[in-house]
Every structure is written in C-alpha cells, then in structure tokens.
Amino acid sequence: IMTGSSRPQRMLKAVQKNATKGDPKSVISAIDSYCRHKEWAMNVGDDKGLILDSVLTEVNPSTALELGTYCGYSSVRIARLLSPDSKLITIEFNPAFAIIARQIIAYAGLQDKVTLVEGASGDLIPKMKEQFGIKSFDFVFLDHWKDRYVPDTKLLEDCGLLKKGTVLLADNVICPGAPEYLQYVRNNPRYESRYYPSNLEYTKVEDGLEKSVFLG
Ligand SMILES: Nc1ncnc2c1ncn2[C@@H]1O[C@H](Cn2cc(CNC(=O)c3cc([N+](=O)[O-])cc(O)c3O)nn2)[C@@H](O)[C@H]1O
Ligand SMILES: [Mg+2]
C-alpha cells in the first residue's frame with residue numbers, strides 16, 4: 001500500500017491553504033510559490049505561463065484542447081482566460097493526477113469550463129468528434145509525453161480536428177526536448193512555426209514554447 005502524501009497531494013494542500021476559493025489567479029500563484037520555494041513540479045510555470053497567456057489572449061479559442069493535465073495548473077491558466085461559452089478539454093491518463101487536477105480546477109471555480117477526460121491521448125483524440133461534439137479545435141496545448149507530440153499532432157490532422165488557423169502550442173521543446181516535433185512542424189508546409197524562448201519552470205535552465213499555426 002502507498003502511504004504518505006504525493007507531490008500532487010502536497011500541491012493541492014498548498015492551494016487549499018494559500019489560495020482563495022473561486023479565484024484562479026490566487027490558485028496559480030499558490031502553486032507557483034509552492035513549486036518555486038518548496039518542491040519543484042512539472043507545471044508550465046509562471047515564466048512560460050506568461051507566453052501561454054499572451055498566445056491565448058491572441059487566439060481567444062472557443063474550443064481548446066490540452067494534452068497532459070498533470071495537476072491542472074495549465075488547465076486553470078487556460079480556462080481563466082476563456083470567454084463565457086468557450087470550453088477546454090484536457091486529457092490525462094494517470095488517475096492519481098486526474099483526481100488532484102479535478103480538485104484544483106474546482107477550487108479555482110472553473111469546473112464548468114473544463115472537461116477533464118481520463119485516458120491516453122492516442123485513444124481519446126479519435127473520439128473527440130462523436131463523444132464531445134467537437135467539430136475542430138482552435139487551440140491545442142501539448143504538455144504530455146514528448147514522444148507523443150508528433151503522433152498526436154498527426155492524429156489530430158487525420159481526425160479532421162484542426163482547421164485553418166488552429167494554433168498548437170507545445171511546452172518543453174528544449175527541455176526535456178521534443179526534437180522530432182520541432183523537425184515535424186518546422187519543415188512542414190502545413191504549419192507556420194515560431195519559437196518563444198523562456199526557461200524551464202522555476203529554474204534558470206533554457207526551455208521554450210513552439211507556436212505552430214495550422215494552415216489547412
Ligand atoms: N499519452 C498521454 N495521454 C494522456 N496523458 C498523458 C500522456 N502522456 C503523459 N500523460 C500525462 O501527462 C501528465 C504529465 N506528464 C507530462 C509528462 C511529460 N512531461 C514531462 O515529462 C515534463 C518534464 C519536465 N522536466 O523533466 O523538467 C518539465 C515539463 O514541463 C514536463 O512537461 N509526463 N507526465 C502525467 O500525468 C501523465 O500521466
Ligand atoms: Mg511541460
């Protein structure tokens with residue numbers, strides 16, 4: 001049996017202790033402060049989070065997809081910026097993480113804007129149209145296993161879930177790195193790609209986000 005708390009459980013405790021219920025901004029800063037000062041965790045973080053915010057504000061998506069929920073930090077960052085009738089679908093296959101993410105998303109008061117689906121992205125993407133009535137996504141945030149970025153991007157294309165102008169934003173393209181993904185989107189006439197330099201969450205290590213616009 002597993003005893004003691006997990007890192008995600010401690011992160012949730014920090015939110016419950018330091019954030020204000022229904023206030024997404026306070027949830028974000030509670031997690032950032034905990035992960036910067038107490039215990040590192042693989043959230044996109046505050047530095048790259050500002051880039052995520054600015055791309056989201058520019059795109060203003062009606063339907064957004066996130067691959068790799070983890071504890072819900074970026075789900076909260078994304079959902080807080082969505083306009084009233086817009087939705088975020090976030091896919092997470094680790095049930096222990098999903099339980100925590102649901103609580104953190106609910107603590108921020110964003111449960112009505114976020115649908116967390118448990119399972120592997122490769123299995124769930126083909127079900128998006130029929131199960132969730134999605135025609136196409138306006139925005140996709142990739143933050144799951146780095147070797148799934150290319151296959152899942154191809155799957156989104158093949159399932160007709162990308163339309164002209166859909167923006168893909170990929171985390172960790174430098175650290176831990178997603179070299180095949182950079183190769184794929186940068187040498188592909190169907191994408192217009194741009195790199196946003198930053199640093200790995202809560203560290204001075206170089207990392208960044210790759211923004212790729214699907215040209216149809
Ligand atoms: N195919 C998949 N489908 C659904 N969920 C998935 C899938 N692969 C991983 N996940 C989930 O993403 C969550 C978070 N996650 C992300 C990664 C990959 N990301 C990293 O490994 C990472 C690693 C560092 N790092 O090591 O410095 C920094 C980061 O920002 C990262 O995103 N592994 N688990 C986990 O809960 C996992 O179950
Ligand atoms: Mg990441």
Side-chain angles (χ1 to χ4, degrees), residues 2 5-12 28 31-32 34-36 39-53 55-56 64-78 88-105 114-128 131-132 134 137 139-156 158-159 161 168-182 184-185 195-212:
M2 299 281 282
S5 69
S6 68
R7 185 179 317 216
Q9 283 169 327
R10 291 190 292 273
M11 207 187 298
L12 172 60
I28 291 165
I31 294 173
D32 283 332
Y34 180 75
C35 294
R36 188 174 283 281
E39 189 176 24
W40 187 91
M42 60 180 162
N43 315 117
V44 71
D46 39 5
D47 299 331
K48 289 183 287 180
L50 289 174
I51 301 166
L52 172 60
D53 290 357
V55 172
L56 271 165
L65 173 67
E66 175 180 59
L67 303 176
T69 316
Y70 188 39
C71 295
Y73 173 89
S74 42
S75 307
V76 169
R77 270 207 100 106
I78 294 167
L88 168 67
I89 294 182
T90 182
I91 297 177
E92 173 51 59
F93 86 1
N94 180 324
F97 291 148
I99 287 176
I100 300 294
R102 289 188 200 288
Q103 294 174 77
I104 287 180
I105 292 161
V114 182
T115 304
L116 195 162
V117 196
E118 286 184 51
S121 49
D123 302 336
L124 289 168
I125 286 169
K127 296 177 180 161
M128 282 293 137
Q131 229 169 24
F132 301 96
I134 300 289
F137 289 108
F139 177 83
V140 182
F141 183 54
L142 298 93
D143 193 20
H144 59 333
W145 275 335
K146 309 316 162 195
D147 60 7
R148 288 296 314 177
Y149 283 21
V150 173
D152 286 343
T153 299
K154 288 180 173 171
L155 197 50
L156 286 163
D158 299 345
C159 295
L161 286 163
L168 306 186
L169 191 64
D171 190 23
N172 311 116
V173 294
I174 302 299
C175 177
E180 304 85 359
Y181 179 76
L182 289 182
Y184 180 72
V185 288
Y195 175 63
Y196 291 77
S198 183
N199 44 276
L200 181 68
E201 48 267 27
Y202 318 116
T203 76
K204 291 188 170 36
V205 174
E206 157 135 29
D207 187 24
L209 301 175
E210 186 82 0
K211 176 191 164 194
S212 308

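Keep in mind the model is a prediction, meaning the values are calculated, not measured. Indexing begins at 1, ligand by ligand and atom by atom, following the structure's order. The figures here come from the full heavy-atom set of this structure, side chains too, leaving out hydrogens, waters and symmetry mates.
- Regarding atom 15 (N) of ligand 1, its nearest protein heavy-atom neighbour is M42 CE, 3.5 Å.
- Between D171 and ligand 1, an N or O atom pair is found at a separation short of 3.5 Å.
- Scanning all protein heavy atoms for the shortest distance to atom 16 (C) of ligand 1 gives D143 O, 3.5 Å.
- Proximity of a side-chain donor or acceptor of D207 to a complementary backbone N or O of C175 within less than 3.5 Å is detected.
- Atom 36 (O) of ligand 1 has F97 CD1, 2.5 Å as its closest protein atom, hydrogens excluded (heavy atom only).
- The distance criterion of under 3.5 Å between nitrogen or oxygen atoms is met by E201 with respect to ligand 1.
- Considering each of Y149, W145, Y70, the one bringing a non-hydrogen atom nearest atom 33 (N) of ligand 1 is W145.
- The shell of residues lying under 4.0 angstrom from ligand 1, judged by heavy atoms, includes W40.
- Atoms of ligand 1 found under 4.0 Å from any heavy atom of L200 (numbered from 1 in listed order, with element): 27 (O), 28 (C).
- For atom 20 (C) of ligand 1, the choice among K146, R148, E66, E118 with the nearest heavy atom turns out to be K146.
- Using a 4.5 Å heavy-atom cutoff, the side chains of N172 and E201 are in contact.
- Counting only heavy atoms of the protein, atom 5 (N) of ligand 1 lies nearest to F93 N, 3.2 Å.
- At a cut-off of 2.8 Å, D171 coordinates the Mg ion (ligand 2) through an N, O or S atom.
- Taking a 4.0 Å cut-off on heavy atoms, A120 registers as neighbouring ligand 1.
- For the 3.5 Å distance criterion, the side chains of N94 and Y70 fail to qualify, holding no donor opposite an acceptor.
- Closest to atom 31 (C) of ligand 1 among all protein heavy atoms lies N172 OD1, 3.2 Å.
- Salt bridge D152/R148: present, at least one basic N to carboxylate O contact under 4.0 Å.
- Within the listing of ligand 1, atoms 3 (N), 4 (C) sit less than 4.0 angstrom from a heavy atom of G119.
- Regarding atom 37 (C) of ligand 1, its nearest protein heavy-atom neighbour is E92 OE2, 3.3 Å.
- Here N172 meets the criterion, with an N, O or S atom under 2.8 Å of the Mg ion (ligand 2).
- Atom 6 (C) of ligand 1 has its closest protein heavy atom at H144 CB, 3.9 Å.
- At least one heavy atom of P176 lies less than 4.0 angstrom from ligand 1.
- Of all the atoms in ligand 1, the ones that sit under 4.0 Å from a non-hydrogen atom of N94 are 36 (O), 38 (O).
- Proximity of T203 to W40: side-chain heavy atoms (C-beta onward) are separated by under 4.5 Å at one or more points.
- When side chains are defined from C-beta on, P126 counts as touching L155, because their heavy atoms get closer than 4.5 Å.
- When side chains are defined from C-beta on, I91 counts as touching M128, because their heavy atoms get closer than 4.5 Å.
- Those atoms of ligand 1 with a heavy atom of G68 less than 4.0 angstrom away are 12 (O).
- For the pair R102 and E118, the salt-bridge criterion is met [side-chain N within less than 4.0 Å of a carboxylate O].
- Among all non-hydrogen protein atoms, the one lying nearest atom 1 (N) of ligand 1 is S121 OG, 3.0 Å.
- The shell of residues lying under 4.0 angstrom from ligand 1, judged by heavy atoms, excludes A98.
- For the pair K48 (side chain) and D46 (backbone), a donor-acceptor distance under 3.5 Å is absent.
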